[in-house]
Number of protein chains: 2
Amino acid sequence: MNIGEVAKKSNLPAKTIRYYEDIGLITPLRDTNGYRSFRESDMHKLAFLGRSRALGFTIEDCRNLLALWDDQDRASADVRAIASEHLEQIERKIADLIAIRDTLSHLVQTCAGDGRPDCPILAKLEKFPT
Amino acid sequence: MNIGEVAKKSNLPAKTIRYYEDIGLITPLRDTNGYRSFRESDMHKLAFLGRSRALGFTIEDCRNLLALWDDQDRASADVRAIASEHLEQIERKIADLIAIRDTLSHLVQTCAGDGRPDCPILAKLEKFPT
DNA sequence: ATAGGGCTTCCAGTAGCTGGAGGGTCAAGG
DNA sequence: CCTTGACCCTCCAGCTACTGGAAGCCCTAT
């Protein structure tokens, strides 16, 4: 399979797939013309990567998850450790964003949003502590 | 005021302050020895920037907000437009993260996390659609 | 005079791609 | 046989918003 087809099937841009090869996440074969030749196992890994990335795992997490996936003797505890660490980060991020959203949505609501210059948003950014 | 003091007062790293000068957000004066010399107005802008950034505005948003702040004839509508655009992005991000969190927390809960290799997290990453 | 801390500039690196230049390859149509 | 267009290749640069570090000047205190 050439990269274009793989890109379509995996729903990843060809650029990204090449990048994943660059950083050693996959190692497709090469045809005599220099074109990458993807096996089923490569496709499989790319699908895995796509889903892991969609869940927000970092590339390094993905690398580790992929290694565990390949390792038939893995301990599920190792997988879970990565996932729950990531989960905690996400919880923190959500909390941060919610705090920001609350502040911001209050400000937006109190701003007239007309032609006059008075603006509680600017006032907040100017005066109040973070 | 030298950069060290400003950094302390504004709670921004000196590196960041220099960076903000680089990209034209502030333009402190210079002493004869080449040291940056910050006026009150620079401090004020840095505080504004710190708070804007803490609310997650991009640097370009900050640049625009700062310009509006400086402009006594601004329309509050312009400020509000920036803020509510940003707010929408945050809402979207929160929604995305919550979806991820729900998936992930379910997976983490169903994974035994022991010495055995069976792992629903890997199973999900392997098999199911994004 | 020297030691320390603070200041300067400039260069490189972070994460995870993405865009583009410049060029080779392949299959189909004329 | 030639051309056209759609592929593919590599390499380099750029994105965000900093951050770290090297090399070196400046200032103050001892």
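In the text below, chain A, chain B and the rest are named by the order of the sequence lines, each starting its count at 1. Side-chain atoms are counted along with the backbone in the values below, which use heavy atoms only and exclude waters and symmetry mates. Since the model is a prediction, treat every value here as computed from it, not as a measurement.
Using a 4.0 Å heavy-atom criterion, one finds that Ile3(A) contacts the sugar-phosphate atoms exclusively.
For Thr32(B) and Thr58(B), each mapped to the nucleotide of DNA chain D holding its nearest heavy atom, the one lying further toward the 5' end belongs to Thr58(B).
When rounded to the nearest whole Å, the span between CG of Asn2(B) and C1' of dC25(D) equals 14 Å. In this structure, CD1 of Ile17(B) is placed 11 Å from P of dT19(D), rounded to the nearest angstrom. In this structure, Glu60(B) places its CD atom 8 Å from P of dA17(D), rounding to the nearest Å. Distance, Leu25(B) CG to dA17(D) C1': 11 Å, rounded to whole Å. Taking atom CD1 on Ile26(A) and atom C1' on dG16(C), their separation rounds to 15 Å, with Å as the unit. Computed from coordinates, the Asp31(B) CG to dC7(C) P distance equals 11 Å when rounded to whole Å. If you measure from atom CG of Asp61(A) to atom C1' of dA15(C), you get 13 Å, rounded to the nearest angstrom. Taking atom CG on Asp22(B) and atom P on dT16(D), their separation rounds to 15 Å, with Å as the unit.
At the phosphate of dC25(D), neither OP1 nor OP2 sits under 4.0 Å from any side-chain N or O atom of Asn33(B). Under 4.0 angstrom from either OP1 or OP2 of dT18(C) there lies at least one side-chain N or O belonging to Thr16(A).
The shortest heavy-atom contact between Asp31(B) and Ser37(B) is OD1-CB, 3.4 Å.
For Tyr20(A) and dG16(C), a side-chain-to-base donor-acceptor distance below 3.5 Å is absent, hydrogens and geometry of angles not being considered.
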Listed pairs under 3.5 Å, donor-acceptor, residues 88-97 of chain A side chains, sequence neighbours left out:
none

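To the nearest 0.5 angstrom, Phe48(B) atom CZ is 4.5 Å from Leu125(A) atom CG. To the nearest 0.5 Å, the span separating OG1 on Thr58(A) from CG on Leu65(A) amounts to 8.5 Å. Here the CG atom belonging to Leu68(B) is positioned 5.0 Å from the CD1 atom belonging to Ile82(B), to the nearest 0.5 angstrom. Here CD1 of Ile59(B) is found 5.5 Å from CG of Leu25(B). Values are rounded to the nearest 0.5 Å.
Of the candidates dC7(C), dT18(C), dC8(D), dC7(C) carries the atom nearest the Tyr35(B) side chain, counting heavy atoms from C-beta on.
The environment of CZ in Arg116(A) is sparse: at most 12 heavy-atom neighbours from other residues, nucleotides or ligands sit within 6.0 Å.
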Please tabulate the protein-to-nucleotide N/O contacts below 3.5 Å involving nucleotides 10-13 of chain D, giving atom names and distances.
| from | atom 1 | to | atom 2 | distance (Å) |
| --- | --- | --- | --- | --- |
| dT10(D) | OP1 | Arg30(A) | NH1 | 3.2 |
| dT10(D) | OP1 | Arg30(A) | NH2 | 3.2 |
| dT10(D) | OP2 | Arg36(A) | NH1 | 3.2 |
| dT10(D) | OP2 | Arg36(A) | NH2 | 2.7 |

